*Asks:* 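Please read through the structure below; I'll follow up with questions.
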Protein chains: 2
Amino acid sequence: MSVEKETEEKIFEAARTVFQKSGFEGARMQEIADTANINKSMLHYYYRNKDNLFFEVFKAGVKKIVPQLLAILDKDIDLKTKIGEIVEFYYLTFKEDPQLPAFIIYEMNQNTTRFKSFVKDHGIVLPQSYIDQVNTAIQAKLIKNIPPKQLLMNIVSLCLMPIVAKNMVQMLFQFDDDNFQNFLNERRQIIPEFILAGIEYKEVK
Amino acid sequence: MSVEKETEEKIFEAARTVFQKSGFEGARMQEIADTANINKSMLHYYYRNKDNLFFEVFKAGVKKIVPQLLAILDKDIDLKTKIGEIVEFYYLTFKEDPQLPAFIIYEMNQNTTRFKSFVKDHGIVLPQSYIDQVNTAIQAKLIKNIPPKQLLMNIVSLCLMPIVAKNMVQMLFQFDDDNFQNFLNERRQIIPEFILAGIEYKEVK
DNA sequence: GTCTATATAACGATAGAC
DNA sequence: GTCTATCGTTATATAGAC
């Protein structure tokens, strides 16, 4: 009958906060317990150990980033629209959860195994439809010649890098938090324009 | 008279290896000692504690990435040449030291203070000459309208992101190490072309 | 400068009462 | 399910002989 969150969920949310802030090695079980406002031994009761708890947080993070990207790439829509959707999706996702991409990318470099099982379980594959779409556009001379994976790498780089390197960017550009958020917001328009010009995109009439 | 590296230097090199691989929290003083092939207490003799040793490694890393970028930005050369030099500089630097950018970017997000003292000591500032150069090119209609900081963000994103997200990229694109290196090599040409088209760069005759 | 031995503290994890 | 108390381990760091 309680309207409060279940203990297990409270623990998970706290773990998400602490792991994303400090990483696996930097995170402390005690800090997770304090953040969740529960007893430390409850962490072990529900999740057995630190590795387990971490992996749940990690998996949830990957799920928030990767499948949606692949789904957009697989959509039967114009390339221009597709690029716009990716930029918007990442902008909105990381506005809510700014530490997520740095967390996932860093932890994946630390331990590839963690991700491999995830890829296997969820059938994570770059959609062939996207590859075909880009190659077709190239042959039709609608865009200039660029390998589809390179194009995707460019799109994702432009979206993620500023957020992954937040402190570095703020420091070099002397941005406070407001300036930084405005900078990101400005990119919602700049990135699609930049990419479309970069591939010399020509509209289909 | 010894041709071997001094102990202090051996420690530093080992610390660089271990810190860049595992991060500050994940690094173990014992592993650094083992890597350097010296006794663990020597670490404290030369560097007093872990924080100190880490900060030396961190500072050296920042020095390898930031001042050179600012120096290129400040050069009195054509914008096209400038972009090409940045791309080449980062490609060559990270071919030798692939874990460096992820290390610096991650640790900077963990602890801004570490970097602030560095910025202060080294007078790290985005050169006004670069800002002026871009704005002048925009007014002369040589490139399309884009804030100079946004353009720089794009350049750096395209160079660094694939290396920072190495494992993620390899996984999603199903690249082995050779494929990945070829992918990066291919970008030496693709990135400058993409950027110049992206800003609709027009050569000065 | 370099070693062995050890102090000290923190962390993940568990046992057991309720 | 939830708590207190505590175990066992591992980490950084230091003391002191050589």
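No experiment lies behind these values; they were computed from the predicted model shown. Every chain is numbered from 1, with letters handed out A, B, ... down the list of sequences.
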*Asks:* With no hydrogens and no angle check, just 3.5 Å: does a side-chain donor-acceptor pair link A:Asp34 and A:Gln30?
*Replies:*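 Side chains of A:Asp34 and A:Gln30: pair found under 3.5 Å.
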*Asks:* Using atom CZ of B:Phe54 as one end and atom C1' of D:dT12 as the other, report the distance to the nearest whole Å.
*Replies:*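 Atom-to-atom, B:Phe54 to D:dT12, this comes out as 16 Å.
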*Asks:* Atom CD1 of B:Ile11 and atom C1' of D:dA13: how far apart are they, to the nearest Å?
*Replies:*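 Atom CD1 in B:Ile11 sits about 15 Å away from atom C1' in D:dA13.
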*Asks:* We want to know whether B:Lys166 and B:Gln170 form a side-chain donor-acceptor pair, criterion being a heavy-atom distance below 3.5 angstrom.
*Replies:*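 Side chains of B:Lys166 and B:Gln170: pair found under 3.5 Å.
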*Asks:* Say you draw a straight line from CE of B:Met153 to CD of B:Gln150; how long is it, rounded to the nearest 0.5 Å?
*Replies:*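 Rounded to the nearest 0.5 Å, the CE-CD separation comes out at 8.5 Å.
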*Asks:* Rounded to whole angstrom units, what separation is found between the CZ atom of B:Arg28 and the P atom of D:dT9?
*Replies:*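 Taking CZ of B:Arg28 and P of D:dT9, I get 17 Å after rounding.
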*Asks:* Any donor-acceptor pair under 3.5 Å linking the side-chain atoms of A:Tyr106 with those of B:Asn109?
*Replies:*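 Looking only at side-chain atoms, A:Tyr106 and B:Asn109 do not form any donor-acceptor pair under 3.5 Å.
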*Asks:* Of all of residues 29-50 of chain B, which get a heavy atom below 4.0 angstrom from DNA chain C, listed by number?
*Replies:*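 Result for residues 29-50 of chain B: B:Asn39, B:Ser41, B:Met42, B:Tyr45, B:Tyr46, sorted by number.
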*Asks:* Please enumerate all residues that pass ring-ring contact (aromatic ring centres under 6.0 Å, His included) together with B:His44, with sequence neighbours excluded.
*Replies:*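 Not a single residue meets the ring-ring contact (aromatic ring centres under 6.0 Å, His included) criterion with B:His44.
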*Asks:* If only side-chain N and O atoms of A:Thr7 are considered, is one of them under 4.0 Å from the OP1 or OP2 phosphate oxygen of D:dT2?
*Replies:*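 The answer is yes; a side-chain N or O of A:Thr7 sits under 4.0 Å from OP1 or OP2.
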*Asks:* Once you round it to whole Å, what is the distance between C1' of C:dA10 and CD of A:Glu25?
*Replies:*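 That distance rounds to 14 Å.
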*Asks:* Answer yes or no on whether B:Lys82 is positioned over the face of B:Tyr130, meaning its NZ or CZ is under 6.0 Å from the six-membered ring centre and within 45° of the axis.
*Replies:*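 Here B:Lys82 fails the 6.0 Å and 45° test against B:Tyr130.
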